[in-house]
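Each chain gets a letter, A, B and so on, in the order the sequences are listed, and its residues count up from 1. Treat the numbers as computed from the prediction; the structure is a model and nothing was measured.
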Protein chains: 2
Amino acid sequence: MKEGPDIAQIGALIGDPARANMLTALMGGKALTATELAAAGGITVQTASTHLAKLEAGNLLAQRKQGRHRYFTLADDSVGKFLESIMGFAAGRGHLRHKPGPKEPALRKARICYDHLAGDYGVRMLDSLIARGAIDAFGDGLAVTESGETALKSIGIDVHALRSLRRPLCRSCLDWSERRAHLAGSLGKALLSNFLDKGWARRTAESRSVIFSPEGERQFLALFPAAK
Amino acid sequence: MKEGPDIAQIGALIGDPARANMLTALMGGKALTATELAAAGGITVQTASTHLAKLEAGNLLAQRKQGRHRYFTLADDSVGKFLESIMGFAAGRGHLRHKPGPKEPALRKARICYDHLAGDYGVRMLDSLIARGAIDAFGDGLAVTESGETALKSIGIDVHALRSLRRPLCRSCLDWSERRAHLAGSLGKALLSNFLDKGWARRTAESRSVIFSPEGERQFLALFPAAK
DNA sequence: ACAATGCTTCGGTTAGGATCGAAGTATGAA
DNA sequence: TTCATACTTCGATCCTAACCGAAGCATTGT
């Protein structure tokens, strides 16, 4: 007893439905205002304000004042990764929502995991990159190979520039729907941005799901053929 | 909002201090009775009983009746791995216990993580096995090499027999104190048992920490030299 | 200066659930 | 059978924390 870190504190933070919904909303990667988060949690702004203060005190959230707005985001990508892993665990234990809504399939296919692509397509992308030798996987780490760097350059991603950032280039993130790893880190983020910029896909307003255009989907699947 | 698995449920399960303490106690790997768990949680047996029922309903615990005792364990090793990862996250966010007791250093050095070795020594062991080529690491997976199988045989571990179990042979588990991976899975379990059987180390009654004998420590360090 | 918007703080209510005493059930021992 | 132990269920209490209305700041716009 009374050993190690206090897991009850974060458990309690995540254990409240309103807070859990707000955190889930922030997994979409966009910075949201207190009012928007109140709506996401299904509560009034006053209540949301106290919740947000608690989450911030627990180092799960960061806020940025901008004019009279206050934008909240997850404190960093490790929070997103952590939440995703809880979702995976919860799904494996049968802790699902009462009714899997119509959006559920779309979420499983492709969604945003804080700032990178997750779901079936996210997993497929990483598998494909590894299969063609663009990414080397060893241990829990991932690394871009020389040939991978060239290949990524051709689709408009400057790996060299990404390397200079403080944030890790490649990181694996466990996918709750697929139960496999997908690509996080600054490269994961850059790839998603790339697809969005090209118009291959767009993020939806209310949900974390990512919608591919027919042409974008064709290009994506061609670029990342199924591994094996 | 209302997307994906329900993280609030498990958050709430772990968020209660009494339940968190009981779960932490079960990370020691031993099956404990309701009475013992009540003591670990600092509550009466009646209260513990209701908590245990909830944890079991949430698929976090499994119980086994034996005479008039009821032994509880974590539902499976993935629960242990999950709890360990929460501890790592909590530690990284500064959610520590009020006062790091005197047992803390011992815990960081070597402790039991459900059924395998964790802490500094656990991480060192895996690093060393990888460095000498006994274990291959790729992706998030680990695999024993042929030479590794032979080497393990020489210290009394039958990898072939372990393979036939349903449980994965090697698995990496993120260590909360070291923030690096250590070895879980049936091989991790077998290695720990091996050390205990040989008398190199012993588990303590009340804590998760593992105490090495002077001679056992010497042997262990020689067998797993620091990598790099 | 004044109004409007976004958010926080205060105060008081309410509900959920953690808690324990007491009683009830099951298993084993004498 | 009778008693003891291990645990669960019931009932009642109590306390925390979630919640919202109202008021208070802060920032922007007119």
Side-chain angles (χ1 to χ4, degrees), chain A residues 1-2 6-26 30-58 60-75 95 98, chain B residues 1-2 6-26 30-58 60-75 95 98:
Chain A
M1 50 191 146
K2 299 290 173 62
D6 196 349
I7 60 176
Q9 284 184 32
I10 33 153
L13 281 178
I14 298 171
D16 180 82
R19 283 196 289 262
N21 284 333
M22 292 194 284
L23 288 170
T24 306
L26 286 172
K30 274 187 292 213
L32 299 175
T33 66
T35 311
E36 290 169 322
L37 287 169
I43 50 182
T44 61
V45 271
Q46 307 98 291
T47 310
S49 182
T50 65
H51 280 312
L52 291 169
K54 287 180 187 178
L55 289 172
E56 200 185 356
L60 295 186
L61 294 188
Q63 61 164 299
R64 183 161 40 89
K65 283 186 74 168
Q66 208 167 87
R68 52 184 156 184
H69 293 275
R70 190 157 289 203
Y71 286 95
F72 290 87
T73 56
L74 300 184
H95 293 276
H98 334 287
Chain B
M1 48 192 147
K2 300 289 173 61
D6 196 348
I7 61 176
Q9 284 184 31
I10 34 153
L13 281 178
I14 297 171
D16 181 81
R19 282 196 290 262
N21 284 333
M22 294 194 285
L23 288 171
T24 306
L26 287 172
K30 273 188 292 215
L32 299 175
T33 65
T35 311
E36 290 170 321
L37 287 169
I43 49 181
T44 61
V45 270
Q46 308 97 290
T47 310
S49 182
T50 64
H51 280 314
L52 291 169
K54 286 179 186 177
L55 288 171
E56 201 186 354
L60 295 186
L61 294 188
Q63 61 163 299
R64 183 161 39 90
K65 284 185 74 168
Q66 208 167 88
R68 52 183 157 184
H69 292 276
R70 191 157 288 202
Y71 286 96
F72 289 87
T73 57
L74 300 185
H95 293 275
H98 333 288

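Closest-nucleotide positions on DNA chain D for A:Ala18 and A:Gly67 were compared, and the one nearer the 5' end corresponds to A:Ala18. Both A:Arg68 and B:Thr47 lie near DNA chain D, and the one whose nearest nucleotide falls closer to the 5' end is B:Thr47.
We find that CD of A:Gln66 is positioned 14 Å from P of C:dG6, with the value rounded to whole Å. One interatomic measurement links the two molecules: CE of B:Met22 to P of D:dC7, which rounds to 13 Å at whole-angstrom precision. Put simply, CG on A:Leu37 is 13 Å from C1' on C:dG6, counting in whole angstrom units. Nucleotide D:dT8 holds its C1' atom 14 Å from the NE2 atom of B:His51, rounded to whole Å. Summarising the geometry, the separation between CD on B:Gln63 and P on D:dA6 is reported as 16 Å, rounded to the nearest angstrom. Atom pair A:Gln46:CD and D:dA17:P shows a separation of 20 Å (rounding to whole Å applied). Regarding B:Arg70, its CZ atom lies at a distance of 14 Å from the P atom of D:dA6, rounded to whole Å. When the P atom of C:dT8 is taken as reference, atom CG of A:Leu61 falls 12 Å away, rounded to whole Å.
With contacts defined as side-chain heavy-atom distances shorter than 4.5 Å, the pair A:Glu36/A:Lys30 does not qualify. At a threshold of 4.5 Å between non-hydrogen side-chain atoms, the residues B:Leu61 and B:Leu74 count as touching. B:Gln63 has its side chain out of reach of B:Leu52: every pair of non-hydrogen atoms, C-beta onward, lies at least 4.5 Å apart. Residues A:Tyr71 and A:Leu32 fail the side-chain proximity criterion, which asks for heavy atoms closer than 4.5 Å.
Taking CD1 of A:Ile43 as the start and CG of A:Asp16 as the end, the distance is 7.5 Å to the nearest 0.5 Å.
Among D:dT8, D:dA17, C:dT8, the nucleotide with an atom closest to any side-chain atom of A:Lys54 is D:dA17. The nucleotide whose nearest atom lies closest to any side-chain atom of B:Ser49 is, among D:dC7, D:dT8, C:dT8, D:dT8. Residue B:Lys65 has its side chain nearest to C:dA26 when only C:dA26, D:dT8, C:dC7 are considered. Checking D:dC19, C:dT19, D:dT8 against every side-chain atom of A:Ile43, the shortest atom distance belongs to D:dC19. The B:Thr44 side chain lies nearest to C:dC20 when the options are D:dC7, C:dC20, C:dT9.
Between A:His69 and D:dT28 there is no side-chain N or O to OP1 or OP2 distance below 4.0 Å.
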